[in-house]
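In what follows, a single structure is set out as structure tokens and then discussed.
The figures that follow rest on heavy atoms only: side chains count, while hydrogens, waters and symmetry mates do not.
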Amino acid sequence: MKGKSTRKKDVNKLRRNRLSARIAVITIFLSLFSIIVIEASFINMRSIIKRYDEILDVDYTIRELMSSVMSDINKHESIVFHHMVSGEPAERRALMNDENDVRLRLKNTMSTLEEKVKTTHYESGYHELFSDVTGYMNNADIVIDLSRDREEQTANFFVRTMLSPIVNSIDGKVHTLDSMISKDIALTKTDVRNTTDMMRLIMRLIMIMLVFGTIFTVFYCTRISREMVSHDLLTGVLNFDELIRLGEKLGHKKRLVQYSGLAISIKDFKFINQEYGSNIGDIVLKNYATILNSKLERNEYLARNGGDNFVALVARDRADSYLKEIAKVPVDVGDKMGLTLTTRCGIYPISETDTIYDVINAGVIAVSETRRSGADDFIWFRRERRDEMFRQKDILNGYRKAIAEEEFVVYYQPKINLKTRTLCGCEALVRWIRNGEMVPPGSFIPVLENDGKVQELDFYVFDRVCRDIWDWQRRGIQPVRVSSNFSKLHLHNPNFAEDVLNVVDKYGADPYYLETELTESSGYEDLDAMIYFVNEMKEAGIATSMDDFGTGYSSLSLLRDINMDVIKLDRTFLRDQADAKEEKMVENIVKMIHDLNRKVICEGVVTEEQVEFLKRVGCTMAQGFLFDRPLSREDFEKRLINPYYS
């Protein structure tokens with residue numbers, strides 16, 4: 001059976017090669033024939049067009065010049081006649097001025113005409129015309145001299161016997177040249193028309209040949225495609241479309257669940273292409289796919305999903321053994337050269353409700369995680385991982401609607417002066433009310449942070465804060481300073497400070513009641529940008545604070561370099577029963593912050609013991625559930641009116 005299958009593949013391959021060769025020969029022949037015929041036609045057409053251009057540039061110009069010569073001769077003859085019959089000296093002088101103008105114009109026209117007829121078959125006719133014009137001018141001079149000497153009879157004799165015959169001769173020669181030009185123009189137009197008709201006929205013949213050639217090519221390509229539609233051209237394994245068709249068929253028969261879906265790729269394949277070139281890369285892919293395919297058993301399938309990516313459907317109980325076989329794949333690339341390829345693989349155990357699309361997507365996600373992890377080349381994709389992916393996608397898809405419909409709501413968590421037990425500030429926190437339920441911040445803030453959308457959300461919150469402060473002041477409610485959180489991503493925006501101040505100006509909020517809060521880690525990523533932002537805020541009268549102080553490694557240097565107004569101690573500093581060393585350490589940190597003229601506050605206070613601890617170490621401000629959870633705007637207004645805590 002195996003031998004018959006191999007022979008059948010060889011026969012199909014030979015048939016495809018023959019068909020491909022026929023298509024190539026026909027296509028090349030039609031292309032060359034079309035190019036040669038079109039080029040020859042264009043050369044002929046170019047010659048006719050050149051001649052037509054000459055007609056426009058030379059023949060019509062010559063015709064105009066000859067018409068001008070004849071007109072000037074007639075004018076000159078009229079001037080000579082009037083000179084003969086005129087008896088007034090003044091009129092004769094005017095006539096002589098006109099005669100000089102006509103003579104000069106006639107000279108220039110003849111000179112231009114001489115240039116135009118050079119090297120043309122009109123040149124001999126021009127010389128005859130020139131001879132007559134010259135003879136006319138000489139005899140005209142004699143007539144004018146006789147007229148000036150009052151010898152009218154002799155002058156009339158010269159006009160009748162010499163001047164008039166020459167004028168008639170000039171007129172005849174002009175008409176002769178004009179007839180020659182008209183004939184040449186008519187012949188050229190006929191040539192252009194005939195050539196155009198011939199070109200049109202040739203183009204129609206070419207189009208007919210190309211149509212028949214296209215039909216022939218499509219016919220043979222269809223035959224080839226029927227044989228090749230299910231397999232990848234380079235590697236010979238199933239292609240993606242065939243995998244989908246096969247997976248849907250297995251799904252309908254409830255057999256897809258018997259498999260594990262494997263998304264397979266070559267580790268660092270791009271370096272093979274860079275090092276050895278794309279030709280070697282193709283050989284590697286082909287041989288790699290052959291080896292992967294050879295490791296499969298009956299009713300197991302391998303398909304190429306583009307590039308160096310493959311998808312395999314392997315029997316569920318064979319997945320582990322197959323992975324061991326393909327973990328390291330030796331590949332021969334010719335010239336006694338071989339490579340050992342390491343496989344990346346995302347494995348997905350298929351459930352009864354999965355479609356082939358679910359299998360492919362899950363496998364691709366899993367293999368992508370192998371790249372991010374840097375350690376595991378094989379990762380099993382569990383349903384929980386996919387559910388988390390869908391949850392994140394749902395958050396991102398719902399975010400734009402939430403912004404537009406103001407589903408995000410600002411809550412305020414009070415800050416307490418521990419000495420007086422009074423409200424001394426608050427922190428603005430965002431809550432998402434979606435479909436009537438509150439979405440926990442920890443479930444959507446990290447997703448928006450990773451996607452970059454948290455920057456827009458930060459300004460959404462800050463906008464509401466400025467609006468609320470303006471509203472409280474307008475209504476006579478005394479606000480407290482409100483701190484708004486900003487992601488470290490904002491530091492990559494060179495206009496960050498300007499954008500903050502634009503929101504403040506939008507509502508005319510009092511900067512005294514505003515505080516911008518950045519995390520300690522922000523300073524590690526872009527210290528210069530953070531320093532610039534803090535200085536801009538300070539110049540505008542807006543306070544700044546550092547959140548999560550003490551969680552990093554360079555906290556003390558940040559205190560030195562960044563002139564922030566408030567330092568917020570991380571809740572990890574709190575101890576209900578701190579030993580003497582811990583308490584002394586926190587006390588010295590608080591003292592150092594105070595010595596630097598900064599305020600200090602601790603978050604996460606939940607017990608009275610923690611309050612007493614903070615008092616002992618000198619920290620006089622705190623926030624936490626012991627005093628208040630984050631409050632809605634309406635509830636926080638009540639706290640502004642009654643700022644005392646028992």
Item to check | Test ring pair (Phe, Tyr, Trp, His ring centres under 6.0 Å) applied to F533 - qualifying residues, sequence neighbours left out | outcome: F496
Item to check | Spacing of CG belonging to L323 relative to CZ belonging to R318, to within rounding of 0.5 Å | outcome: 10.0 Å
Item to check | Under 3.5 Å: donor-acceptor pair, side chain of N450, backbone of V447 | outcome: no
Checklist entry - Does the pair E637 and R633 meet the rule for a salt bridge (charged side-chain N to carboxylate O under 4.0 Å, His left out), with working shown? => result CA-CA 6 Å; E637 279 188 13; R633 182 181 184 276; 3.0 Å; yes
Checklist entry - Between D232 (side chain) and T235 (backbone), is there a donor-acceptor pair under 3.5 Å? => result yes
Next on the checklist: Evaluate N361 against Y348 for side chain to side chain contact (heavy atoms under 4.5 Å, CB included), listing each step before the verdict.
Outcome noted: CA-CA 10 Å; N361 290 336; Y348 180 63; over 6 Å; no
Next on the checklist: Applying side chain to side chain donor-acceptor pair (under 3.5 Å) to T290 and N287, what does each step give before you reach the verdict?
Outcome noted: CA-CA 5 Å; T290 301; N287 293 342; 5.0 Å; no
Checklist entry - Is the shortest heavy-atom distance from the side chain of P414 to the side chain of Q623 under 4.5 Å? => result no
Checklist entry - Which atom pair, heavy atoms only, marks the closest approach of N273 to G281? => result OD1-CA, 3.4 Å
Item to check | Separation between CD1 of I326 and CG of L292, rounded to the nearest 0.5 Å | outcome: 5.5 Å
Checklist entry - L489 and E449: which non-hydrogen atoms are nearest, and at how many Å? => result CD1-O, 3.5 Å
Next on the checklist: Can you confirm whether or not the ring centre of F269 sits under 6.0 Å from the ring centre of Y288?
Outcome noted: no
Checklist entry - Counting heavy atoms not belonging to F378, are there more than 12 under 6.0 Å from its CZ? => result yes
Next on the checklist: Would you say that Y532 contacts L491 through its side chain, given a criterion of any heavy-atom pair below 4.5 Å between the two side chains?
Outcome noted: no
Checklist entry - With respect to V311, which candidate in V237, L262, N305, I356 satisfies the side chain to side chain contact (heavy atoms under 4.5 Å, CB included) definition? => result N305
Checklist entry - Can you name the nearest heavy-atom pair linking V461 to A428, along with the distance? => result CG1-CB, 4.1 Å
Checklist entry - Would you call the rings of Y460 and F408 parallel, tilted or perpendicular if under 30° counts as parallel and over 60° as perpendicular? => result perpendicular
Checklist entry - Is the backbone of F636 close enough, under 3.5 Å, to the side chain of Y411 for a donor and an acceptor to pair up by distance? => result no
Checklist entry - Between L429 and N485, does a side chain to side chain contact (heavy atoms under 4.5 Å, CB included) hold up when you go through it step by step? => result CA-CA 8 Å; L429 301 170; N485 292 285; 4.1 Å; yes
Checklist entry - Are any non-hydrogen side-chain atoms of H490 and D499 less than 4.5 angstrom apart? => result no
Item to check | Interatomic spacing from CG in L302 to OG in S294 - rounded to 0.5 Å | outcome: 10.0 Å
Item to check | K267 and T343: side chain donor to acceptor below 3.5 Å | outcome: no
Item to check | CA sep, side-chain torsions, deciding dist, call: D377, R344, side chain to side chain contact (heavy atoms under 4.5 Å, CB included) | outcome: CA-CA 5 Å; D377 291 331; R344 293 186 186 276; 4.0 Å; yes
Checklist entry - Are any non-hydrogen side-chain atoms of F444 and R431 less than 4.5 angstrom apart? => result no
Checklist entry - For A303 and L243, which heavy atoms make the closest approach, and how far apart are they? => result CB-CB, 3.7 Å
Next on the checklist: Show every side-chain hydrogen bond (donor to acceptor under 3.5 Å, both in side chains) that has at least one partner inside residues 395-409, sequence neighbours left out.
Outcome noted: Y399-E456, R400-E456, K401-E405, K401-E407, E406-R464, E407-W432
Checklist entry - Side chain of D463, backbone of F459: donor and acceptor closer than 3.5 Å? => result no
Next on the checklist: Looking at R467 and Y507, would you say the former's side chain and the latter's main chain have a donor-acceptor pair under 3.5 Å?
Outcome noted: no
Checklist entry - Can L285 and I266 be said to form a side chain to side chain contact (heavy atoms under 4.5 Å, CB included), step by step? => result CA-CA 9 Å; L285 280 176; I266 302 172; 4.0 Å; yes
Item to check | Interatomic distance, I264 atom CD1 to D308 atom CG [nearest 0.5 angstrom] | outcome: 11.0 Å
Checklist entry - Side chains of Q413 and E603: does their closest heavy-atom pair fall under 4.5 Å? => result no
Next on the checklist: For the CD1 atom of I360 and the CD1 atom of I244, what is their distance to the nearest 0.5 Å?
Outcome noted: 3.5 Å
Checklist outcome for this item: Between S260 and I347, the two heavy atoms sitting closest are CB-CG2, 4.4 Å
Checklist entry - Does NZ or CZ of R629 come closer than 6.0 Å to the centre of the six-membered ring of F625, within 45° of the ring's axis? => result yes
Item to check | Residue pair V439 / I395, side-chain heavy-atom distance below 4.5 Å | outcome: no
Checklist entry - With a 4.5 Å limit on heavy-atom distance, are the side chains of I272 and L341 in contact? => result yes
Next on the checklist: Would you say that Q610 contacts R571 through its side chain, given a criterion of any heavy-atom pair below 4.5 Å between the two side chains?
Outcome noted: no
Checklist entry - What's the spacing between R391 CZ and L396 CG if we round to 0.5 Å? => result 9.5 Å
Item to check | Short side-chain to backbone donor-acceptor contact, D458 and S487, under 3.5 Å | outcome: yes
Next on the checklist: Looking at every heavy atom in both I291 and P330, which two are closest together, and how far apart are they?
Outcome noted: CD1-O, 3.1 Å
Checklist entry - In terms of side-chain heavy atoms, does S483 have a donor or acceptor partner in K568 at a distance below 3.5 Å? => result no
